[in-house]
Amino acid sequence: MKKIYIETYGCQMNVNDTEVIFAILAEAGYARTEVMQEGDVILANTCSIRDNAEQRIWGRIEVFAAEKRRRPGVVVGIVGCMAERLKDSLLDSHKVDLVAGPDAYRSLPRLLQDIAPDRPQINVLLSHEETYADIRPVRIDKNGVSAFISIMRGCNNVCSYCVVPYTRGAERSRDPQTIVDEARDVYAKGYKEVTLLGQNVDSYFWKAADGPVDFAELLARVAAIAPDLRVRFSTSHPKDISDAVIETMGRYDNICKGIHLPVQSGSDRMLEKMRRRYTRAWYLDRVRKIRSVMPDCVITTDVIAGFCSETEDDHRDTLSLMREVGYDAAFMFAYSERPGTLAARNYPDDVPPEVKNRRLTEIIELQNTLSLESNRRDIGRSFEVLVEGPSKRNPDEACGRTSGGKMCVFPTGGTPLKPGEYVSVRVLDCTQATLLCERV
Ligand code: SAH
Ligand code: SF4
Ligand code: F3S
């Protein structure tokens with residue numbers, strides 16, 4: 001039996017796609033390996049979101065090419081977003097035998113079969129229909145607690161800096177019945193948490209025979225499966241997150257009280273140029289609505305520093321918005337121009353690297369303070385935590401997350417805790433990243 005090894009880069013959707021690829025290839029008789037040196041087929045499931053993501057992958061392609069020289073006959077493939085972005089130019093290096101885009105995974109068994117020396121195979125066709133709805137992903141997580149479920153693919157938003165619409169194609173939603181069935185299935189297998197994935201989950205929409213299903217309705221259907229199945233989702237778009245979604249979150253205890261709401265910038269001029277299609281005031285109104293329904297909801301975000309023509313004033317607007325919201329955590333990036341995007345075609349990437357990096361550092365330092373303040377506010381409070389396993393630092397301690405998604409560590413108290421158990425803890429102390437707790 002041929003063995004397949006996959007390295008995954010990029011977002012959670014890519015992680016879930018790797019699980020889909022394993023399922024498709026298992027059906028075709030391939031076994032999975034976690035050791036590169038054992039792989040007959042070595043794949044990188046790739047990300048193009050920023051230049052440094054691609055640079056890292058080029059480094060891995062070199063390593064795979066060396067493995068191929070050592071073991072002739074090994075097949076090296078690039079799949080995912082970088083495959084879609086660079087298409088057949090990836091073959092020019094002669095290091096790669098296979099290139100497959102995100103909508104081409106059903107063709108992998110045939111492509112692999114057709115590979116011959118000097119006959120690489122490529123399929124980068126994007127689809128308007130493909131959602132892999134009927135494929136049950138082979139779960140690659142280690143602890144069997146938390147599963148990803150893709151509810152839609154692609155993106156119709158064309159934010160001017162973003163490569164995703166080009167690498168993943170047009171937005172399409174998946175049949176809600178197949179989503180609910182998959183969630184039921186993982187729950188039956190012992191999973192206690194599902195994360196519903198899409199680039200913009202709030203625009204989920206399915207026209208069923210018995211009426212339309214929007215994201216609020218889908219959330220309610222998944223939450224109704226079982227009260228001890230936690231439901232998370234990612235990513236919300238500030239322009240689309242509806243009152244109905246926020247209120248549905250409030251109605252179900254098992255819908256986790258954490259929203260990732262990427263803001264990108266606090267400056268209206270930048271937001272306009274980024275084509276985000278909301279204003280600072282609109283964004284703050286959404287935050288107010290979330291907090292009015294769920295006062296303790298954890299709110300996290302993504303921020304881009306140094307987008308085209310960003311001034312010190314624009315940058316200060318971002319810092320002030322971060323303070324105003326008081327984010328619990330954030331992913332923060334320096335703007336990276338992506339070829340072919342609206343921004344690359346229309347606006348010079350004119351903020352000098354040292355200015356971008358200085359602004360990014362200020363953003364990160366502010367967020368470090370906000371994260372610590374957020375965790376300090378939790379000292380003395382009690383939470384229900386879903387156990388993920390032993391803590392990395394200390395085997396006598398377990399770790400798990402709150403409903404809001406904050407990481408807790410706590411002594412097990414002698415009896416080892418099973419991943420997937422719920423326990424009550426009280427917060428005694430904290431770091432910027434972790435709540436230090438005791439069991440109660
Ligand atoms: N669909 C999600 C985000 C997907 S990409 C949304 O709409 O928010 C994840 C994050 O990467 C984005 O939120 C953004 O902050 C960042 N990002 C995307 N393109 C980027 C670029 N060209 N340079 C720097 N950061 C970028
Ligand atoms: Fe990219 Fe914007 Fe789509 Fe998010 S919503 S994936 S940032 S184009
Ligand atoms: Fe990267 Fe593609 Fe996800 S570009 S962030 S892997 S959708």
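We count ligands from 1, going down the list as the structure has it; atoms in each ligand are counted the same way.
- Residues Q55 and N52 bring no donor and acceptor atom of their side chains to less than 3.5 Å of each other.
- Geometric assessment of K95 against the ring of F64 yields a negative cation-pi assignment under the 6.0 Å and 45° thresholds.
- Atom numbering of ligand 1 starts at 1 in the shown order; those under 4.0 Å from a heavy atom of R50 are 11 (O), 16 (C), 17 (N), 23 (N), 24 (C), 25 (N), 26 (C).
- Atoms of ligand 1 lying under 4.0 Å from at least one heavy atom of Y335, given by number and element, are 22 (N), 23 (N), 24 (C).
- Under a 4.0 Å heavy-atom criterion, G80 is not in contact with ligand 3.
- Numbered from 1 in the order shown, with element, the atoms of ligand 1 that lie under 4.0 Å from a heavy atom of Q264 read 8 (O), 12 (C), 13 (O), 14 (C), 15 (O).
- Atom 3 (Fe) of ligand 2 has C155 among its coordinating residues (N/O/S atom, backbone or side chain, under 2.8 Å).
- With no hydrogens or angles considered, no side-chain donor-acceptor pair links K406 and T434 at under 3.5 Å.
- Checking only distances, E337 never comes within under 3.5 Å of ligand 1, N or O to N or O.
- If you look at C11 next to ligand 1, there are no close heavy atoms at all, none under 4.0 Å.
- For ligand 3 and C47, the ligand atoms under 4.0 Å from any heavy atom of the residue are 1 (Fe), 4 (S), 5 (S), 6 (S).
- The proximity of Q199 to ligand 3, defined as any non-hydrogen pair under 4.0 Å, is limited to the side chain.
- Ligand 2 has at least one atom lying under 4.0 Å from a heavy atom of R276.
- Listed by number with element, the atoms of ligand 3 under 4.0 angstrom from any heavy atom of N14 are 6 (S).
- The nearest N, O or S atom of C81 is closer to atom 2 (Fe) of ligand 3 than 2.8 Å.
- For atom 3 (C) of ligand 1, the nearest non-hydrogen atom of the protein is Q199 OE1, 3.9 Å.
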